[in-house]
Student: 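Questions regarding the structure given below will be posed in turn.
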Amino acid sequence: MEHRVDALLKRALERLRDRGTLPPDLEVTGPVERPRREEFGDFGTALPLAMAKALRMPPARCAAMIQEVLDPPEGLFQEITFAPPGYLNFRVRPEAWWAALQEATTLPRVGGRERVLLEFVSANPTGPLHVGHGRGAVLGDALARLMRATDYAVETEYYVNDVGNQMAMLGLSLHARGREALGLSDGSDFPENGYRGQYIREIAARWVATPDGEAACRRPYEDLGPRDDNVATTVASRELLGWIRRTLEDARITFDHWFHERPLHRDGEVQRMLDLLLQNGRAFRDESGAILFRMEGTEDSEDRVLVRGNGMPTYFAADVAYHHHKFRRGFQRLINIWGADHHGYIPRVRASLEALGHDPDALQVLLVQMVTLTRGGVAVPMGKRSGEFVTLQDVLDEVGTDAVRFLFLLRRPDAQMEFDLDLARSQSLENPVYYVQYGHARVASIVRKAAAAGIAVPPWSPDLLQALALPEEAALTRDLVRWPDVVGSAARRCEPHHVAFYLLDLVKAFHGYYTRYRHTEKVLSADRQKTAARLYLVSRIRDVLHQGLSLLGVHAPDEMRLPEDDETP
RNA sequence: GGGGGAUUAGCUCAGUUGGAUAGAGCGUUGGUCUCCGGAACCAAAGGCCGUGGGUUCGAAUCCCGCAUCCCCCA
């Protein structure tokens, strides 16, 4: 509805330009908004104010000019009024609102089949996922659902860094724990920068119970090949990746692709990228034999090492090759969800993409701010090497997937958040997600009750909703009709949290309506026309809640078990 | 020292390209109900939108300085 008003205004401006009343090069914009005060109508715009400024004419005259060329379809508006100092307010006819209810779950196709690669989580397989990963994971997954629903051709991807020093250290750690498990070591020779988490011991215990694993641990580490591709590293990363995958599945997150770094090196992808950059002069070899990316002329100041003097490519080199490869797979836009601590990395990657002939603006990095974890107000440390942290799996088990997802999505991604485990658990019965789910279950219950009485939800018809006369019913209708615009805007802006907030607003309005009239004007009554109209209305509420929750990856139950009464006599 | 983010009610947070009298949840206080599901609802109190300037008809929103917190880099 909102975009219809907006389109009408845009067309009116076009007409004014055609007539020469408005200079063609003059940019005049005025967004359509919803006035807070009911008396101002359903929609309003400050367009006359903007025009008055540009044309140096009184706003009232500008408003009159707009009205003159405005050509609204028959039956859409009840009235269009001018309000000082320069607003144009629109009131939509109830019939138009009711008609729009049919499209309440028809989402706008704002994506236009754009091919998007959405990469998120991508945590190194050196330990379990922690809560911070969870935030990015839930954001990415919800965004993917949103974009798919609005006609983006989006694919999701997890990038696995399975090459490098960290991986070598992981293998070394596993080997050391394996030797401890076999009684060959007392742990005093455990590598200084090794991964000390309990999970390494568990994997080691399972590994040495196999003949291959035991044999490998009985040999010195050097015999395995002290690099990042030996059997210990392979076993550890495979185990951890499986663990990560299961945790993500618990959070209802799956990926279209798991893209490994190793093939980029093995198949020459990194080398080809280096050759390209050396050829076009954006990279050079220094006196030590290292290859550096030339940063002059970019926002980043310092030349960045791609290949070290000893011939080892850096993480940066692999990342450049990886993103180059993404474009070559045919994606038009790349969205990466990164932790805020990677902020300084962005200019480098963008510059490298530009150097390889890609549009750097086609890479969009969404930064997710840190999650600080507390328990009863006390900070919980979150370092993998310290081995002492709360995993995403723990939190999912403790709080539940629906609640965790909704809690994460109830915040803007670029604001830091504190996640208090005690609070999350103690509030689990008052968690906003249950409030929304309860609303859905409530409507489902009404519909069930109607069905039991032999009354089905009626199909829409032009005079079906005439019986909706209560102000709350009009307000609910307007809220429902707003939904497609909310989804479209959230998808375009990559901000799923708007969906969560909308659902809270809608369900609050419903609970209020329900409670207020539970004794006087129930949905199901002896009045057949009111019953039919209200049944249709609440079924639309249920449909929108269901669609909204599923876009967030949260269940929409038809029934909820009431919590057990703690105050047993 | 350089860069990024944050600062809105007691607490946790929304606020859609600058618009009309600033929004919710929790908490507090006081109310509603012999029910289509009380995990509900209504009402009240609570704000110099960190601070100082600037831009204009108009600023929580845009620009600059400052303060505080978090993160990255050196």
Student: Across the strands shown, which category fits Arg411(A) at heavy-atom distances under 4.0 angstrom: base, sugar-phosphate, nothing?
Tutor: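 The residue Arg411(A) makes sugar-phosphate contact but no base contact.
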Student: Would you mind telling me which of C13(B), C36(B), A39(B) lies closest to the side-chain atoms of Tyr514(A)?
Tutor: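 Within the option list, the nearest is C36(B).
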Student: What's the closest nucleotide to the Arg442(A) side chain, out of C70(B), G15(B), G38(B)?
Tutor: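 Of all the options, the side chain of Arg442(A) is nearest to G38(B).
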Student: In terms of side-chain heavy atoms of Asp341(A), which of G19(B), A40(B), C71(B) is nearest?
Tutor: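 Nucleotide nearest to Asp341(A)'s side chain: C71(B).
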Student: Just to be sure I understand the rule, does Lys522(A) reach a base, reach only the sugar-phosphate, or reach nothing, if contact means heavy atoms closer than 4.0 Å?
Tutor: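 Counting heavy atoms under 4.0 Å across all strands, the contact made by Lys522(A) includes a base.
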Student: Using the ring centroid of each side chain, check whether Tyr159(A) and Tyr322(A) are separated by less than 6.0 Å.
Tutor: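 Ring centres of Tyr322(A) and Tyr159(A) closer than 6.0 Å.
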Student: Partner lookup for U17(B), please. Criteria are Watson-Crick or G-U wobble with both distances under 3.5 angstrom; report none if nothing qualifies.
Tutor: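 Here U17(B) is not engaged in any pair, so there is no nucleotide opposite it.
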Student: Output yes when Asp505(A) and Lys508(A) qualify as a salt bridge under the 4.0 Å nitrogen-oxygen rule, no when they do not.
Tutor: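 Salt bridge flag = no for Lys508(A) with Asp505(A).
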Student: Considering only the C1' atoms, how many Å lie between A22(B) and A60(B), rounded to the nearest integer?
Tutor: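 Comparing C1' positions in A22(B) and A60(B) gives a spacing of 9 Å.
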Student: Does a donor on one side chain sit under 3.5 Å from an acceptor on the other, for Ser352(A) and Arg282(A)?
Tutor: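 No, no side-chain donor-acceptor contact under 3.5 Å.
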Student: Could you check whether Phe501(A) gets within reach of a base, just the sugar-phosphate, or nothing at all, counting any heavy atom under 4.0 Å?
Tutor: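 Sugar-phosphate contact only - Phe501(A) comes under 4.0 Å of backbone atoms but never of a base.
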Student: Report the residue (Glu33(A) or Arg518(A)) whose heavy-atom-nearest nucleotide on RNA chain B is the more 5′ of the two.
Tutor: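 The answer here is Glu33(A).
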Student: Using both distances under 3.5 Å as the test, list the Watson-Crick or G-U wobble partner of G1(B), or none.
Tutor: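 Matched G1(B) with C73(B) under the 3.5 Å cut-off.
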Student: Kindly state whether the pair Tyr438(A) / A40(B) counts as stacked, where counting means centroids closer than 5.5 Å and planes tilted less than 30° apart.
Tutor: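 Tyr438(A) ring does not meet the centre or angle cut-off for A40(B); no stack.
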Student: If the C1' atom of G10(B) is compared with that of U28(B), how far apart are they to the nearest Å?
Tutor: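 Result for the C1' pair: 9 Å, nearest Å.
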Student: Whole angstroms only, please: what is the OH-P distance between Tyr345(A) and G5(B)?
Tutor: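 Rounded to the whole Å, the gap is 21 Å.
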Student: Heavy atoms under 4.0 Å, any strand shown: does Ser445(A) hit a base, just sugar-phosphate, or nothing?
Tutor: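 If one applies the 4.0 Å heavy-atom cut-off, Ser445(A) turns out to touch a base.
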Student: Any side-chain donor paired with an acceptor under 3.5 Å for Asp319(A) and Tyr345(A)?
Tutor: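 Yes, side-chain donor-acceptor contact under 3.5 Å.
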Student: Under the criterion of centre distance below 5.5 Å and interplanar angle below 30°, is Phe40(A) classified as stacked on the base of A20(B)?
Tutor: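 One would call Phe40(A) stacked on the A20(B) base.
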Student: Take atom C1' in C70(B) and the same atom in C62(B), then report the distance between them in whole Å.
Tutor: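 Comparing C1' positions in C70(B) and C62(B) gives a spacing of 25 Å.
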Student: Would you tell me if any nitrogen or oxygen in the side chain of Arg348(A) comes within less than 4.0 Å of OP1 or OP2 on C73(B)?
Tutor: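 For C73(B), OP1/OP2 do not have a side-chain N/O of Arg348(A) under 4.0 Å.
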Student: In the structure shown, which nucleotide is the Watson-Crick or G-U wobble counterpart of A40(B), with both distances under 3.5 Å?
Tutor: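 Base-paired to U32(B).
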Student: Can you tell me which nucleotide in C36(B), G25(B), G3(B) comes closest to the side chain of His343(A)?
Tutor: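 It is G3(B).
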Student: Please state the C1' separation for the pair U61(B) and G2(B) - nearest whole angstrom.
Tutor: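 These two C1' atoms come out 27 Å apart once rounded.
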Student: Hey, could you give me the CE/CZ distance between Met295(A) and Arg304(A), rounded to the nearest 0.5 Å?
Tutor: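 Taking CE in Met295(A) and CZ in Arg304(A), the distance rounds to 6.0 Å.
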Student: Does a salt bridge link Arg17(A) with Glu14(A), judged by any charged N lying under 4.0 Å from a carboxylate O?
Tutor: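 Result for this pair is yes, salt bridge flagged.
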Student: Can you check the Arg482(A) CZ to U16(B) C1' distance for me, whole Å?
Tutor: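 Roughly 10 Å, once rounded to whole Å.
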Student: The side chain of His497(A) is closest to which nucleotide in this list: G15(B), A20(B), C35(B)?
Tutor: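 Looking only at side-chain atoms, His497(A) lies closest to G15(B).
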Student: Applying a 4.0 Å non-hydrogen cut-off, can you work out what Glu559(A) is touching in the nucleic acid: base, sugar-phosphate, or nothing?
Tutor: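 Touches a base.
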Student: Start at the 5' end of RNA chain B and walk down; is the nucleotide closest to Pro85(A) or to Lys449(A) reached first?
Tutor: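 The 5'-side residue here is Pro85(A).
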Student: Would you say the side chains of Ser288(A) and Asp286(A) form a donor-acceptor pair under 3.5 Å?
Tutor: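 Present: a donor and an acceptor within the cut-off.
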Student: In whole Å, what separates the C1' atom of U16(B) from that of G54(B)?
Tutor: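 Pairwise C1' distance, U16(B) against G54(B), rounds to 26 Å.
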Student: For the side chain of Ala441(A), counting heavy atoms from C-beta on, which of A20(B), C71(B), G37(B) is nearest?
Tutor: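 That would be G37(B).
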Student: Roughly how far apart, to the nearest Å, are G38(B) and G19(B) at atom C1'?
Tutor: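 Comparing C1' positions in G38(B) and G19(B) gives a spacing of 41 Å.
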Student: Work out how far the C1' atom of G47(B) is from that of A24(B), and round it to whole angstrom.
Tutor: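 Between the two C1' atoms, the distance is 14 Å.
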Student: Identify the nucleotide, in any strand shown, that forms a Watson-Crick or G-U wobble pair with G52(B), with both distances under 3.5 Å; if there is none, say none.
Tutor: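 For G52(B), the partner nucleotide comes out as C64(B), under the 3.5 Å rule.
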Student: Using a 4.0 Å heavy-atom cut-off, does His498(A) contact any base of the nucleic acid, only the sugar-phosphate backbone, or nothing at all?
Tutor: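 Counting heavy atoms under 4.0 Å across all strands, the contact made by His498(A) is with sugar-phosphate only.
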Student: Once you apply a heavy-atom cut-off of 4.0 Å, does Asp6(A) come out as touching a base, just sugar-phosphate, or nothing?
Tutor: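 No contact at all - Asp6(A) keeps every heavy atom at 4.0 Å or more from the nucleic acid.
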Student: Report yes if the side chains of Leu549(A) and His555(A) come closer than 4.5 Å at any heavy-atom pair, otherwise no.
Tutor: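 Contact flag for Leu549(A)/His555(A) side chains = no.
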Student: When we call it a touch if two heavy atoms are under 4.0 Å apart, what does Gln369(A) touch: a base, just sugar-phosphate, or nothing?
Tutor: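 Sugar-phosphate: the residue Gln369(A), judged by heavy atoms under 4.0 Å, touches backbone atoms but no base.
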Student: Return the nucleotide paired to G46(B): Watson-Crick means purine N1 to pyrimidine N3 with N6-O4 or O6-N4, wobble means G-U with N1-O2 and O6-N3, both under 3.5 Å.
Tutor: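 Paired with no nucleotide.
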Student: Determine whether a donor-acceptor pair (one donor, one acceptor, N or O, separation below 3.5 Å) exists between the side chain of Asn89(A) and the base of A20(B).
Tutor: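 Check passes, donor-acceptor contact within cut-off.
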Student: For G3(B) versus C11(B), give the span between their C1' atoms, rounded off to a whole number of Å.
Tutor: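 The same atom, C1', in both gives a distance of 32 Å.
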